[in-house]
Amino acid sequence: MSSVQIQRQRAIVHMLGEGPKGSDEVARLLSQAGYDVSQATVARDLEEIGAVKMKRRGKVGYTLSEKLGKRDESNERLKRIFAEWAQAVDTSGSMIVVRTPPGSAHLVALALDQAKFPEVVGTIAGDDALFVAIRSDLSPEPLASRLREMLTDH
């Protein structure tokens, strides 16, 4: 994935974090931000970040998925998202801390939640970091190691 594509997708995640947007609006905002995009590029980016089309108050727009997908699809999505958006993985007690670019932690947290790892109790996302709570009777290191391997996949 090119650095321009990564930056553009981060911009889209930030836009959708402010609320649902139609693909035309996303394209217009990207153009205003200096990105040269076609409708096909926007559609592909929306799909790659896992945005879903929804209808709210009679308007159709895209938002970041809050629904749980199938486990196999979720794991593949996690691998793709983690390789592109996560920057570092560390542990502290029974927690895993994942660093991301600003505005991206919720996207990585959602992908982790959707992967339904049995050792994960839940995630808390800030702006550029997320905390992954691990069941108290388990060490966080095995999952942290698997996540670190995903960092090296790109």
Side-chain angles (χ1 to χ4, degrees), residues 1-3 5-23 25-26 29-30 40-57 59-154:
M1 193 179 282
S2 74
S3 63
Q5 185 178 10
I6 292 168
Q7 291 171 346
R8 188 178 62 240
Q9 288 183 359
R10 286 180 183 160
I12 293 171
V13 167
H14 180 73
M15 285 177 210
L16 297 181
E18 296 171 351
K21 307 254 184 302
S23 60
E25 184 179 4
V26 171
L29 291 169
L30 286 172
T41 299
V42 171
R44 192 169 35 255
D45 284 345
L46 288 167
E47 180 180 341
E48 286 181 9
I49 65 171
V52 293
K53 192 183 277 191
M54 57 172 281
K55 187 173 184 177
R56 190 176 281 173
R57 294 186 209 114
K59 293 178 75 176
V60 175
Y62 285 87
T63 188
L64 296 175
S65 173
E66 297 296 333
K67 297 179 173 63
L68 297 177
K70 295 179 184 170
R71 185 168 170 79
D72 289 342
E73 293 172 10
S74 296
N75 284 334
E76 287 306 311
R77 183 170 179 263
L78 172 64
K79 288 176 187 175
R80 189 180 74 250
I81 287 173
F82 210 86
E84 294 299 331
W85 298 78
Q87 296 176 326
V89 176
D90 204 352
T91 59
S92 178
S94 63
M95 302 280 282
I96 297 173
V97 180
V98 180
R99 294 280 177 193
T100 70
S104 306
H106 65 286
L107 178 66
V108 177
L110 177 61
L112 274 166
D113 289 340
Q114 290 175 336
K116 300 179 190 176
F117 289 113
E119 59 267 57
V120 174
V121 176
T123 59
I124 301 171
D127 184 55
D128 64 353
L130 64 118
F131 297 95
V132 183
I134 303 299
R135 298 198 183 285
S136 59
D137 58 334
L138 298 175
S139 167
E141 196 51 46
L143 179 57
S145 293
R146 290 189 345 231
L147 295 175
R148 283 187 199 105
E149 287 175 14
M150 289 184 210
L151 288 175
T152 61
D153 286 347
H154 66 306

ask   = Is any side-chain heavy atom of Val132 less than 4.5 Å from a side-chain heavy atom of Met95?
value = no
Neighbour count above 12 (heavy atom, 6.0 Å) for Gln87 CD: yes
On a heavy-atom basis, the closest approach of Leu16 and Ala51 is CD1-CB, 3.8 Å
* **Between Thr123 and Asp113: side-chain donor-acceptor atoms closer than 3.5 Å** => yes
**Asked** Does the side chain of Leu143 reach to within under 4.5 Å of the side chain of Ile134, using non-hydrogen atoms?
**Response** yes
### Query
Does the side chain of Gln5 pick up a donor-acceptor pair with the side chain of Glu48 at under 3.5 Å?
yes
So CG of Leu147 and NZ of Lys79: to nearest 0.5 Å the spacing works out to 11.5 Å
Notebook entry, point to check: Is the closest side-chain heavy-atom distance between Val98 and Phe131 below 4.5 Å?
Noted result: no
Do Val89 and Val97 come within less than 4.5 Å of each other through their side chains, counting heavy atoms only? no
CG (Asp128) and NE2 (His106) are apart, to the nearest 0.5 Å, by 12.5 Å
Original post:
With a 4.5 Å limit on heavy-atom distance, are the side chains of Leu112 and Leu130 in contact?
Top reply: yes
| request: Assess whether side chain to side chain contact (heavy atoms under 4.5 Å, CB included) is satisfied between Ile81 and Val108, documenting all intermediate values. | output: CA-CA 7 Å; Ile81 287 173; Val108 177; 4.1 Å; yes
- Item | Note, Phe117 side chain near Leu78 side chain (heavy atom, < 4.5 Å) | yes
Here the pair of heavy atoms bringing Pro140 nearest to Ile96 is O-CD1, 3.6 Å
Here the gap from Leu107 atom CG to His14 atom NE2, rounded to the nearest 0.5 Å, amounts to 14.0 Å
Note: Gly126 and Ala105 closest approach over all heavy atoms is O-CB, 3.4 Å
Scanning both residues in full, the closest heavy-atom pair of Arg77 with Gln114 reads NH1-OE1, 2.5 Å
Residue set satisfying side-chain contact (heavy atoms from CB on, under 4.5 Å) with Asp127, at least two apart, ordered chain then number -> Pro102
Are side-chain heavy atoms of Tyr62 and Pro20 found at a separation under 4.5 Å?
-> no
dist Gln9:CD -> Met15:CE (nearest 0.5 Å) comes out at 11.5 Å
* Asked: Ile49 versus Trp85: any side-chain heavy-atom pair under 4.5 Å?
  -> yes
By side-chain contact (heavy atoms from CB on, under 4.5 Å), Glu141 pairs with (sequence neighbours left out) Thr91, Ser139, Ala144, Ser145, Arg148
d(Ser23 OG, Asp45 CG) to nearest 0.5 Å is 12.0 Å
Looking only at heavy atoms, the pair that brings Glu47 and Arg80 closest together is O-NH2, 4.2 Å
Glu119 bridged to Arg146 by N-O distance under 4.0 Å:
yes
Contacts satisfying salt bridge (charged side-chain N to carboxylate O under 4.0 Å, His left out) that involve residues 129-139 (not counting sequence neighbours) are none
